[in-house]
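Since the structure comes first, as structure tokens, the remarks are kept for the end.
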2 protein chains.
Amino acid sequence: MYPSIEIKCDAGPGFDLVRATDVSEEARPFGPDTGGLEALRFDPGRGGSVADRVHGVLRAAIVEVRLAPGTPISENSICRQFSVSRTPVRAAIQRLSEEGLVDVSPQRGSFVAPLRIDGLRDSHFIRRSLELAILREVAGIWTEEMSAEMRAIIEDQARVIEAGNHDGFFEEDERFHHRLATFCGRDGVWEAIRGAKVTMTRFYRYWAHPERLAEVLREHGAVIDALDTGDAQEAERALSLHLDVVFNVFDRMSEEERRNLPA
Amino acid sequence: MYPSIEIKCDAGPGFDLVRATDVSEEARPFGPDTGGLEALRFDPGRGGSVADRVHGVLRAAIVEVRLAPGTPISENSICRQFSVSRTPVRAAIQRLSEEGLVDVSPQRGSFVAPLRIDGLRDSHFIRRSLELAILREVAGIWTEEMSAEMRAIIEDQARVIEAGNHDGFFEEDERFHHRLATFCGRDGVWEAIRGAKVTMTRFYRYWAHPERLAEVLREHGAVIDALDTGDAQEAERALSLHLDVVFNVFDRMSEEERRNLPA
DNA sequence: ACTGGTATACATGTATCCAAGTATTGAGAT
DNA sequence: ATCTCAATACTTGGATACATGTATACCAGT
């Protein structure tokens, strides 16, 4: 079983990321430097409420690991940065807190949630159970049109990999899994999957090695292949394998990377 | 497939409930009468933040269907009622909104979320998938101690039924399912189940006929029986059957009850 | 050198005020 | 009688001021 550890991020193998201002060393959480926050951009006047937009900007930054785990998130620094009042910022942070993306401790501060192996276990379990259940339903109503659509998504994903578009890769990946859910009318279930997925996505974005991207492509293809041949069991096996790989990423960590893990 | 309908509650078969002030007829949402809110009690000075406590009180009232679906929830009426400012009430309602228990439309009002069959479908699917997956794990590590503990819970549940303690029944029911999750160290997954369950719980609390309670008891027993004999497949079948019954509650609705459904 | 108490700067939580949008109401015109 | 439209009374969203708790920095006493 995996230990309960928190991963302190310094640098990902494939991606650069904005560093938290030495969270462990620096005494004062919020100095003149806001630790990566200043790189965030907030378009005033766009659609939606201010709180929604603030939430969206912060969420994207956290999920895409542009804001490192542990980074202090001060309501004041955010509302200075975005030129809005504390009220919508507070609402946004509250939402992020409920999504498990931000830890807020009263009178102390709020911080980007660390990458916890525990959370990864739960996230994996939930996602796996739900996606397999969905796949079972989809297998029962599989059509050629569906197959064609899924293959198109895979091709799109191949293209963005070729172009070196990392963000695009993750978007297409989400499309793949999302579409399977909508095939059997389980949009509500997809929302639950999406909620559980963020934990894995953050982990993945941080640790995934570039060579992994092509493997994902093949694994997606294997699922569709099995569905095309009408072998539901094989499809489940393939999808299960695909989802389990995230754990293997943990196993692949180099010694140096492992050494960054506290306790 | 079930249609997308909203259930407007007038009175449950087994329970009395505070009526919304004729939501469909009354023009003004918030009159001098706040539609059931006045029955809610808020203990000042207890532990936790004000926002947390407000959230807890409202959540319990909604889940236990003491506040009827469709009841207007005005921030002002709440903070008058509880003698607190709007800010923590706002935070509480935002949380409830994210939990799907309250629908808030800007500049119009917030309302206790209606009972949607759609939501029930998703809720059922999620709960079923996750609980079955957990049961599969538990079956692999089943011990006599676990069996004894579960049987004790069932006995407790029998006692509260005997005593006519409806709230106690639902608490014990939650204990039963919760304990299974903790046996295999899936507390995080239980939280997800709990989130999905509220939709079903509200439905159940509203429609469940008294004779159903004893059936639940037998079904719980059947699951444990199967686990004791080491028949994992039978256990899954029994649990699946148990969870599916909620849909049957919908089928059992009398014609008069059905007529209350709009569209 | 080290320990202990205090001052200060920061955080989030709460209260209140203002802005902007929606739905009902009721009067007046058709 | 019916329709149009302005006034009004609500709502939630946002901005700001204040309350309260925490952690560091600093300094005095040992």
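Chain letters run A, B, ... following the sequence lines, proteins first, then strands; residues in each count from 1.
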Ring pair (Phe, Tyr, Trp, His ring centres under 6.0 Å) contacts in which one or both residues fall within residues 58-97 of chain A, not counting sequence neighbours: A:Phe42-A:Phe82

Is there a side-chain polar atom (N or O) of A:Asn76 under 4.0 Å from OP1 or OP2 of C:dC10? no

Axial bend angle, the helix from C:dA1-D:dT30 to C:dT30-D:dA1: five-pair end segments, nearest 10°: 10°

Check the distance between D:dT20's C1' and A:Arg108's CZ and give it to me in whole angstrom. 16 Å

Using atom CD1 of A:Ile73 as one end and atom C1' of C:dC10 as the other, report the distance to the nearest whole Å. 16 Å

Let me know the distance between CD of A:Glu75 and C1' of C:dT14, rounded to the nearest Å. 12 Å

Under the 3.5 angstrom rule, does the side chain of B:Arg53 hit a backbone N or O of B:Gly48 as a donor-acceptor pair? yes

Within this structure, what is the CD1-to-P distance between A:Ile78 and D:dA15, rounded to whole angstrom? 14 Å

Within the pair B:Ser110 and D:dT12, is there a side-chain N or O less than 4.0 Å away from OP1 or OP2? yes

Rounded to whole Å, please give me the gap between CD in A:Gln94 and C1' in C:dT14. 13 Å

So if I take every side-chain heavy atom of B:Val104 and compare against C:dT22, C:dT12, D:dG13, which nucleotide ends up nearest? D:dG13

Scanning both residues in full, the closest heavy-atom pair of A:Leu243 with A:Arg128 reads CD1-CA, 3.9 Å

Please report, rounded to the nearest Å, how far the P atom of C:dC10 is from the CZ atom of A:Phe111. 15 Å

Between D:dG13 atom P and A:Asp52 atom CG, what is the distance in whole Å? 9 Å

Taking only residues two or more places apart in sequence, or in another chain, which ones meet B:Arg175 in a side chain to side chain contact (heavy atoms under 4.5 Å, CB included)? B:Ile153, B:Asp156, B:Glu172

Between the protein and nucleotides 15-20 of chain C, which nitrogen or oxygen pairs come in under 3.5 angstrom?
residue: C:dA15; atom: OP2; partner: B:Ser85; partner atom: N; Å: 2.8
residue: C:dA15; atom: OP2; partner: B:Ser85; partner atom: OG; Å: 2.8
residue: C:dA15; atom: O5'; partner: B:Ser85; partner atom: OG; Å: 3.3
residue: C:dA15; atom: N7; partner: B:Thr87; partner atom: OG1; Å: 2.5

Side-chain N or O of B:Arg90 less than 4.0 angstrom from OP1 or OP2 on D:dG13? yes

Just jot down the salt bridge (Lys or Arg N to Asp or Glu O under 4.0 Å) partners of A:Arg90, sequence neighbours excluded, or say none. A:Glu75

Will you find, in the side chains of A:Arg179 and A:Thr182, an N or O donor that is under 3.5 Å from an N or O acceptor? yes

Where is the tightest heavy-atom contact between A:Leu40 and A:Leu58, given as atom of each residue plus distance? CD2-CD2, 3.8 Å

Using distance only, find each side-chain donor-acceptor pair of residues 183-192 of chain A under 3.5 Å and give its atom names and separation, not counting sequence neighbours.
residue: A:Arg186; atom: NE; partner: A:Glu137; partner atom: OE1; Å: 3.2
residue: A:Arg186; atom: NH2; partner: A:Glu137; partner atom: OE2; Å: 2.9
residue: A:Trp190; atom: NE1; partner: A:His178; partner atom: ND1; Å: 3.4

Hey, does the side chain of A:Ser74 come within less than 4.0 Å of C:dA11's phosphate (OP1/OP2), counting only N and O? yes

Kindly indicate whether the side chain of A:Glu174, heavy atoms from C-beta on, has any atom under 4.5 Å from the side chain of A:Arg194. yes

Nearest nucleotide by nearest heavy atom, which residue falls closer to the 5' end of DNA chain D, A:Ala91 or A:Pro106? A:Ala91

